[in-house]
Colleague: 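Structure provided below as structure tokens; questions to follow.
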Amino acid sequence: MKIPLDNSNLLMSSLTAVLQVVTASRACGKTGLQSRIFGGNSFAPGEFPWQATLTYKGKPFCAGSLISDRWILTASHCFDRTATEDKRDPKLWQVHLGVSRMGYTPPESSAVTMVPSRIVTHKSYTKYTNGFDIALVELPAPVNFTRFISPICLPENTHRFSLRRTCYATGLENVPEGVPLESKRSLQKVGQILIGWRTCNCIYNTHKRPDLTNPTNSSMLCITESDGKKGPCQGDSGGAVVCEEDGVWFLAGIISFSQGCYLINSPTILSSASYYQDWIKQWTDNQVSFTPQTMAVVDDGDSDHCNDLLSNHTAGCGISQVKDPTSGVPGTWPWHVDLLRDGKRACSGVLISTSWVITAAECFYGHDTTDLPEDWTAIVGGGSPAMRDIAVQRISVHGSYISPGKGFNMALVLLAQPVALGQYSHAVCLPDSSHPMPYGSLCWHIIGNSSLSDDQIGTPHGDRLELLGPNKCNCIYSHPNSSDRAESVMEGMICASRDGQNSSQCLNDLGGPLVCNENGTWFLVGVYNYGGRCKEGTDFIPPRVFSQLTTQEEWIDKETREMFLRHAIHTPPLKPDTERCSSDDPRGCGRSVASPGPEPIGEATDKMWPWQVSLQQFEYHSCSGVLISETWILTAAHCVPSYTPLSEYTVILGRKQQNMPSPREVLRQIKRVVPHPDYKVKTGENDVALVELNFGVTFRDYILPICLTPDQALPPNNTCWVIGWGRVYPSGKSML
Ligand SMILES: *[C@@H]1O[C@H](CO)[C@@H](O)[C@H](O)[C@H]1NC(C)=O
Ligand SMILES: *[C@@H]1O[C@H](CO)[C@@H](O)[C@H](O)[C@H]1NC(C)=O
Ligand SMILES: *[C@@H]1O[C@H](CO)[C@@H](O)[C@H](O)[C@H]1NC(C)=O
Ligand SMILES: *[C@@H]1O[C@H](CO)[C@@H](O)[C@H](O)[C@H]1NC(C)=O
Ligand SMILES: *[C@@H]1O[C@H](CO)[C@@H](O)[C@H](O)[C@H]1NC(C)=O
Ligand SMILES: *[C@@H]1O[C@H](CO)[C@@H](O)[C@H](O)[C@H]1NC(C)=O
Ligand SMILES: *[C@@H]1O[C@H](CO)[C@@H](O)[C@H](O)[C@H]1NC(C)=O
Ligand SMILES: *[C@@H]1O[C@H](CO)[C@@H](O)[C@H](O)[C@H]1NC(C)=O
């Protein structure tokens, strides 16, 4: 339960004055305090006597509400099974009642702790987003009611809460970075506006997020807060949202989920208590009572209109107040974040929510880097009046990252405090997987301001780039003049070049975002991966390659549970990416620039067999093949059996010596294998297969196709050559 609240160090000194013993009563919904609503955010002992804190294996996890002397009502998802644990085992849980804080020894004298005897989850519950997020926890013996322990009133199913007014959510205060969950934490309360499910849908639908369109129905309620600064967070699940009616507190809902913590225009979704009257009765054998409503609610205020509840100042994501991207004024790129390692600017990053930043994995992984959060600081609003340092709480490098050339060069950084979004600090929108940006779009690569000295962060600037399709990009990369490594752009990467501009500018910034504007909204399309850096002695700088965001929705969602995801405003047709690398190559097939000598066997000289390719599995040469066109090679069918996943292979072109990669090589992945239709595994008949590369190659002295013989056999007595990486020397070197 985390509710980070402003002024949480409430006036504890004045508390004693208000704390007056009220007679313990069996009636529900009565606070143990005389003052009915207590100012501030802390939770005075007895203020919400139905509050139950649950601990799983000794750590606070979820909350609940006491609804009778035997039963706690909470959320079903608290007991979700994981790969390794069955959380529905009651013996692993404890219920703490009569507490206003956790982790203190000795516990408060009012505290009662019990191991539950039974956990009942709703049988229709599957996932917290699919409703039925309600559960009952049975106590082994009736608990004695005191001023600090008494039940909340349950609403009958005809109960109508008056909406758009303040109700209260409760939970444990947020713990600072690195502090264990079980350490000292106070219970907090936070006022939130109760809204109906139609209004809640109206707010969520402004996000245009397909998986969160109309997320609620009549079995749910929501709470919201317009400034997006307070509210329930992870760990608050199962806790109560209570509303007062004529001096009696009712349980309106059970905290289920939200799109993230304290996000603007993202209400927290509750399971409606009144909706589940029959279910609760059934499982508690009528041991709990429902309290009739005394207050008449004429119009509860649930409608499809929500404009008045939407925060208009900083709504949604991807909005920059500066309309001219070239202006260079602060606030042009409000989602840009500078990441400092040991106080020195090291990387750029981009805000995707109030607390999460995406950057490159390279910043934290590899030579001379560190992924200890304490070594890092984030600066938001660089160069603006709202510039601010924020400590880093957690760094999560993409699990599939090995090196930039292999992709997944991304990491997520959790900030220790959420950023107050505004004119100078704002989150960018993430595109969902069905949201490609068309090739040819003009986008901007945002680069940190490193022109100033290390301890002075300036305004970032944007480089205008054109998006390129992978075919075109790979052709440029495999061009002989290309200065960069012979990388191939793979699945999950997107290229952009400074088309028509001078590309000799030296890029020296990791993790910078590539953003594209779609009808006024900025989307994060990529995070800088490699390329586009200048090299001495060359002026042919290939395009910049970015890790593509559309393929990472699941990873980001899993790691953060919060982001601003938006689907396409409109999906423009993709500009076809049909570039051919070598269409104008005049050389044709079979024209090597070097001829073999007279010796019948020997090491190949440079450029002698430019059509020879090495088929590799796990970085080891497994077979040879021969290049027959820009995108096809010919090899033996047994080298590429159908049971081996294509992702296991790499094709290396332009290689001379195994185990000695050279910069002239070009790597490709396999897109498709076409074995001979009459290939017989047993006899090896027709042992030949065509292999299509994922992208074409640019022909050059080292990489050229062989000619295929016409149908007739070659004239007899021709000298032919068998080419391969045989072991021709005692040294064991494999030479072509
Ligand atoms: C509410 O929505 C959930 C999730 O889509 C669904 O499982 C449930 O049946 C719905 N309930 C009602 C009353 O429509
Ligand atoms: C409730 O109070 C009675 C009488 O004081 C006591 O015997 C009993 O143990 C108490 N029950 C619990 C669960 O503390
Ligand atoms: C919306 O903007 C207007 C004018 O700038 C302002 O007065 C109003 O308070 C804003 N509403 C919200 C919910 O922020
Ligand atoms: C770097 O920041 C300073 C101060 O904000 C600004 O004057 C300068 O133009 C920036 N440099 C670049 C290259 O944007
Ligand atoms: C490649 O480099 C050669 C020699 O430096 C030069 O003549 C040629 O124009 C370059 N080609 C391109 C496309 O830049
Ligand atoms: C590109 O920039 C470099 C260095 O700033 C300069 O020497 C070169 O003349 C420029 N080339 C063009 C075509 O503008
Ligand atoms: C772009 O925005 C304008 C103004 O908000 C709107 O009228 C138009 O329909 C939008 N275009 C698309 C394709 O969404
Ligand atoms: C092929 O060459 C061999 C030896 O060099 C010779 O004996 C034979 O007659 C030749 N055959 C033809 C068809 O030229």
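First listed ligand is number 1; within each ligand, the first listed atom is number 1. Residue numbers count from 1 along this sequence. Predicted, not measured: the structure shown is a model, and the values here were computed from it.
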Colleague: Indicate, as side chain, backbone, both or neither, the part of Thr459 found under 4.0 angstrom from ligand 4 when only non-hydrogen atoms are considered.
Modeller: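 The part of Thr459 near ligand 4 is both the backbone and the side chain.
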Colleague: Inspect the surroundings of NZ in Lys323 and state if more than 12 heavy atoms from other residues, nucleotides or ligands are less than 6.0 Å away.
Modeller: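 Yes, because the 6.0 Å sphere around NZ of Lys323 holds more than 12 heavy atoms from other groups.
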Colleague: Write 'none' if nothing qualifies; otherwise put on separate lines each N/O atom of ligand 1 with a protein N/O atom under 3.5 Å away and their distance to 0.1 Å.
Modeller:
residue: ligand 1; atom: 2 (O); partner: Asn217; partner atom: ND2; Å: 2.2
residue: ligand 1; atom: 7 (O); partner: Asn130; partner atom: O; Å: 3.1
residue: ligand 1; atom: 11 (N); partner: Asn217; partner atom: ND2; Å: 2.9
residue: ligand 1; atom: 14 (O); partner: Asn217; partner atom: ND2; Å: 3.1

Colleague: Does Ser65 reach the main-chain N or O of Trp50 with its side chain, forming a donor-acceptor pair under 3.5 Å?
Modeller: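 Here the side-chain-to-backbone pair does not exist.
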Colleague: Could you give me the CA-CA distance, side-chain angles and deciding distance for Trp283 and Trp71, then say whether ring pair (Phe, Tyr, Trp, His ring centres under 6.0 Å) is met?
Modeller: CA-CA 10 Å; Trp283 284 99; Trp71 292 95; 8.6 Å; no
Colleague: Could you check whether the rings of Tyr528 and Phe546 sit parallel, tilted or perpendicular, using 30° and 60° as the cut-offs?
Modeller: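 Perpendicular: the ring planes of Tyr528 and Phe546 meet at over 60°.
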Colleague: State which residues pass ring-ring contact (aromatic ring centres under 6.0 Å, His included) with Tyr276; sequence neighbours excluded, sorted by chain then number.
Modeller: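 In terms of ring-ring contact (aromatic ring centres under 6.0 Å, His included), with neighbours along the sequence ignored, Tyr276 is linked to His122.
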Colleague: Given 3.5 Å as the limit, does a donor-acceptor pair link the side chain of Gln293 with the main chain of Arg160, or not?
Modeller: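 Yes, Gln293 side chain to Arg160 backbone: donor-acceptor pair under 3.5 Å.
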